[in-house]
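Throughout, a chain's letter reflects where its sequence line sits, starting with A, and its residues are numbered from 1.
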Amino acid sequence: DAGVIQSPRHEVTEMGQEVTLRCKPISGHNSLFWYRQTMMRGLELLIYFNNNVPIDDSGMPEDRFSAKMPNASFSTLKIQPSEPRDSAVYFCASSLWGSGAYEQYFGPGTRLTVT
Amino acid sequence: KNEVEQSPQNLTAQEGEFITINCSYSVGISALHWLQQHPGGGIVSLFMLSSGKKKHGRLIATINIQEKHSSLHITASHPRDSAVYICAVRWVVRRSGGGADGLTFGKGTHLIIQP
């Protein structure tokens with residue numbers, strides 16, 4: 001298995017632009033998580049989905065952030081408009097909910113820089 | 001106030017030493033996670049605990065619910081164990097400022113194992 005795939009790996013954009021981050025979870029996993037990591041705040045769980053349904057988005061910082069999971073093999077995290085303080089590494093992770101192990105498999109991350 | 005505290009923040013040890021990393025939290029939790037972040041940025045989920053002890057290879061994780069404390073131990077440490085080790089807790093009662101799913105992360109322990 002290729003593991004969790006994220007794209008792009010690096011994104012540099014200007015303030016005010018729309019940014020879309022993409023994630024392909026491990027085939028067969030039914031839970032998907034979006035995290036953000038910064039030096040100041042560390043790791044934060046933004047939102048997670050079970051069976052493509054958003055369960056808890058209370059970690060999403062502002063209305064400028066939105067996430068979708070149109071099917072079991074694809075999710076997006078969108079920032080519109082982007083701001084310099086959104087610069088961070090965004091990780092996607094997937095797991096098999098209900099297996100009891102709750103082990104999450106992380107993607108390599110997308111490093112976002114907003115200038 | 002960060003209610004998940006890790007200690008030490010930084011630890012340098014010699015190959016072969018027994019390593020202990022600590023995580024303390026303020027109130028009741030339903031689960032505690034240990035993650036490993038490699039120097040290149042990749043994240044691996046090591047353990048999820050709600051009670052007792054778990055072991056995987058040279059890694060051992062324990063949790064004491066009454067004392068609100070968990071430890072991660074590494075036996076026969078090796079330079080490849082050099083990484084940041086992050087503790088995360090899921091609160092029983094959701095707390096303000098926490099991420100989605102009531103998940104709050106510690107700041108991490110930077111571990112360096114010298115050959």
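Within 6.0 Å of CG in A:Asn71 there are more than 12 heavy atoms belonging to other residues, nucleotides or ligands. Within 6.0 Å of CD in A:Glu83 there are more than 12 heavy atoms belonging to other residues, nucleotides or ligands.
B:Phe18 and B:Trp34 are not part of a single hydrophobic cluster, where members link through side-chain heavy atoms under 4.5 Å apart. Residues B:Leu46 and B:Ile19 share a single hydrophobic cluster, defined by chaining ILVMFWY side chains whose heavy atoms lie under 4.5 Å apart. Linking ILVMFWY residues whenever their side-chain heavy atoms come closer than 4.5 Å, directly or via other members, leaves A:Leu96 and A:Phe74 in distinct clusters.
One finds the NZ atom of B:Lys107 at 10.0 Å from the CG atom of A:Leu43 (value rounded to the nearest 0.5 Å). Here the straight-line distance linking atom CG of B:Leu35 with atom OH of A:Tyr35 works out to 7.0 Å at 0.5 Å rounding. To the nearest 0.5 Å, atom CZ of residue A:Arg41 and atom CZ of residue B:Phe105 are 12.5 Å apart.
No part of A:Met39 comes within reach of chain B, as not one of its non-hydrogen atoms sits under 4.5 angstrom from that chain.
Two residues are said to be in side-chain contact when any heavy atoms from C-beta on lie closer than 4.5 Å; A:Phe106 and B:Val44 fail this criterion.
The two residues A:Gln104 and B:Ser45 come nearest to each other via the heavy atoms O-CB, 3.3 Å.
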